[in-house]
Amino acid sequence: LPTLSVTPCTQTHLSDTILYSSWDDFSLLTVQSHRPHFIAVHCQEVGGKNYEASMSHVDCFVKELLSSDAMKEYNRVRVYLDENYKSQEHFTALGSCYFLHESLKNIQQFDFKAKKFKKVVGKEIYSDTLESTPMLEKEKFPQDYFPECKWSRKGFIRTRWALADCAFDLVNIHLFHDASNILAWEKSPSVYSGTRQKALGFVLDRITDQRFEKVPYFVFGDFNFRLDTRQVVESLCSTATMQTVRLGDTNEVDKLIFRESENDRKVVLQLEKKLFNYINQDVFRENNGTLFLQFDSELSCFKERLHELEISFPPSYPYSEDSSQGKQYMNTRCPAWCDRVLMSATAKDLVLKPENEEKNLVYDNIGPNVCMGDHKPVYLSFRLTAGAGKANANKHKCCNVQ
């Protein structure tokens, strides 16, 4: 059973006609090349930054996706779009889309209210208020989790599926970003990484609590994981001298300027709240940025609960939103692997079955050379072997050891 999990952060492409077209084209090419039977697409920032004006583009995107030639063999669809932006207490701007190939038999989805699986038939689209939809769990993080207790569109959506004799959870997630490069630089690890750690722990505790049977889980979306800014700057500017520029009225640090000791004191890096202007951003693309994986450490405290395949693609954020600059990073943030596909130990066992040949296992990004928005979508393609669950899987008791 070929399976494809995609985690696109849709911050720009649904509100810009050019990006919408290129994202659509290259995503469908990925579907055509892998020919999956089950597709899970997790979107964040549905409607883009100006969601009030752009939410109508979301419906157009979904309709065009469903009517495309590449998707005509997917006769069962479930689309869940959190579009209710008027409810600040609940709005997450998350979208979870699932496409099932016509060759799949007896696919079931879990009803969290009735606490039982139900057969999936037809194509259904849900939007506005998802709180009343029993086929998913959606939560926004508690308000005291948000920096300065200011609401933003962060939370998770969870669905549960049973196919190929095994049940598993798919969790769409969006964690908190770094608001200031200066603040991120001040401490190692940064204050922002602590906020993300708390929120991710909240999600993992929630999806493994005692309310429902434990099953393997895949968590994918925009984790907003960042490289350790302090350590990256020390590595990039090891021989440079630092100049601190402060605001006159508050004495607050406004910018940090790192200059070469010689060579006419050329500026190597300038750091501001929303500026990370390094002299040679090619270093983040060379060898897919492997040199900087040593500074990607936010997952380390979850090593017993979350697993990931080897990263072999460049940092997924922040790419230029200029449609002619598909490979260029913006100079707003330090490039980082924000978008990931993570999984429990039991889920990893399903993915790494001996019969799952290496050619069937792909963890990569989509559209490496074209503009896909400020985030490159990341996907995991693998083969879920029929009968992967235990002998009593038909009762959905499979894989219940975490």
Side-chain angles (χ1 to χ4, degrees), residues 7 9 173 175-201 204 219-242 256 258 260 268-271 275-319 327-343 345 348 351-352 361-365 368 374-376 378-380:
T7 171
C9 185
I173 192 169
L175 299 181
F176 304 101
H177 65 283
D178 282 15
S180 168
N181 294 322
I182 298 291
L183 194 55
W185 169 84
E186 287 181 353
K187 288 176 58 180
S188 174
S190 79
V191 62
Y192 299 116
S193 67
T195 304
R196 287 188 285 271
Q197 178 181 332
K198 181 180 178 182
L200 181 53
L204 296 179
V219 186
F220 51 109
D222 180 7
F223 293 84
N224 260 316
F225 290 155
R226 306 300 171 98
L227 304 184
D228 189 305
T229 304
R230 185 89 182 193
Q231 294 182 10
V232 170
V233 171
E234 289 176 353
S235 174
L236 294 176
C237 307
S238 59
T239 61
T241 57
M242 184 181 75
L256 300 171
F258 297 84
E260 292 184 0
V268 178
L269 171 68
Q270 184 162 326
L271 201 66
L275 180 72
F276 188 95
N277 193 5
Y278 184 61
I279 192 172
N280 177 25
Q281 66 166 230
D282 286 344
V283 298
F284 294 100
R285 288 186 291 266
E286 291 172 2
N287 196 25
N288 291 322
T290 305
L291 175 67
F292 294 93
L293 281 171
Q294 61 183 308
F295 307 120
D296 177 71
S297 56
E298 293 196 29
L299 258 181
S300 59
C301 58
F302 295 101
K303 60 184 179 181
E304 302 299 326
R305 307 176 74 182
L306 286 172
H307 302 266
E308 183 177 25
L309 301 189
E310 182 179 350
I311 292 176
S312 58
F313 49 88
S316 64
Y317 171 86
Y319 280 91
K327 297 180 69 173
Q328 190 78 9
Y329 288 111
M330 290 189 287
N331 62 2
T332 52
R333 309 288 184 192
C334 176
W337 289 272
C338 293
D339 309 276
R340 319 279 275 262
V341 180
L342 309 179
M343 63 202 79
K348 187 177 181 182
V351 171
L352 297 181
L361 192 60
V362 182
Y363 186 35
D364 205 352
N365 63 14
D374 55 351
H375 291 252
K376 293 286 187 195
V378 169
Y379 73 96
L380 171 66

Exercise. Does anything in residues 277-297 pair up under salt bridge (Lys or Arg N to Asp or Glu O under 4.0 Å), and if so which pairs, sequence neighbours excluded?
Worked result: D282-R285, D296-R340
Is there side-chain contact between [X] and [Y], with at least one heavy-atom pair below 4.5 Å?
X    : Y    : value
P315 : F292 : no
F223 : L299 : no
L175 : T195 : no
L227 : W337 : yes
Y379 : V341 : no
L236 : V268 : no

Backbone N/O of [Y] and side chain of [X]: donor-acceptor pair under 3.5 Å:
X    : Y    : answer
R196 : N224 : yes
N181 : L275 : yes
R226 : A184 : no
S190 : S193 : yes
Y192 : S180 : yes
N288 : S312 : yes

Exercise. Which residues satisfy the salt bridge (charged side-chain N to carboxylate O under 4.0 Å, His left out) test with D228, sequence neighbours excluded?
Worked result: none
Atom [atom1] of [X] and atom [atom2] of [Y]: how far apart are they, to the nearest 0.5 Å?
X    : Y    : atom1 : atom2 : value
T290 : F313 : OG1   : CZ    : 11.0 Å
D222 : I173 : CG    : CD1   : 9.5 Å
I279 : E260 : CD1   : CD    : 6.0 Å
L380 : L342 : CG    : CG    : 10.0 Å
L256 : W185 : CG    : CH2   : 5.0 Å

For this session: Mark yes when over 12 heavy atoms from residues, nucleotides or ligands other than K198 sit less than 6.0 Å from its NZ; otherwise mark no.
Result: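 Yes.
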Quick one: side-chain hydrogen bond (donor to acceptor under 3.5 Å, both in side chains) partners of [X], sequence neighbours excluded?
X    : answer
Y319 : Y329
Q197 : none
S316 : D339
Y363 : E308

Exercise. Is there a side chain to side chain contact (heavy atoms under 4.5 Å, CB included) between L291 and V283 once you walk through the steps?
Worked result: CA-CA 8 Å; L291 175 67; V283 298; 5.8 Å; no
For this session: Walk me through it: do T332 and D374 pass the test side chain to side chain contact (heavy atoms under 4.5 Å, CB included)?
Result: CA-CA 11 Å; T332 52; D374 55 351; over 6 Å; no
For this session: Look at the rings of F276 and F284 and say which category their plane angle falls in: under 30° parallel, 30 to 60° tilted, over 60° perpendicular.
Result: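 The arrangement is perpendicular - the two ring planes meet at more than 60°.
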For this session: Heavy atoms only: give me the nearest Q231-S188 pair and the separation to one decimal.
Result: NE2-OG, 3.4 Å
For this session: Considering non-hydrogen atoms only, spot the tightest contact between P335 and P318 and give its length.
Result: CA-CD, 3.7 Å
For this session: Start with the C-alpha gap between V191 and L183, add the side-chain angles, then the distance that decides, and say whether side chain to side chain contact (heavy atoms under 4.5 Å, CB included) holds.
Result: CA-CA 8 Å; V191 62; L183 194 55; 4.0 Å; yes
Exercise. Is any NZ, NE, NH1 or NH2 atom of the basic residue among D364 and K376 found under 4.0 Å from an Asp or Glu carboxylate oxygen of the other?
Worked result: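 Here D364 does not pair with K376 in a salt bridge, since their nearest N and O are not under 4.0 Å apart.
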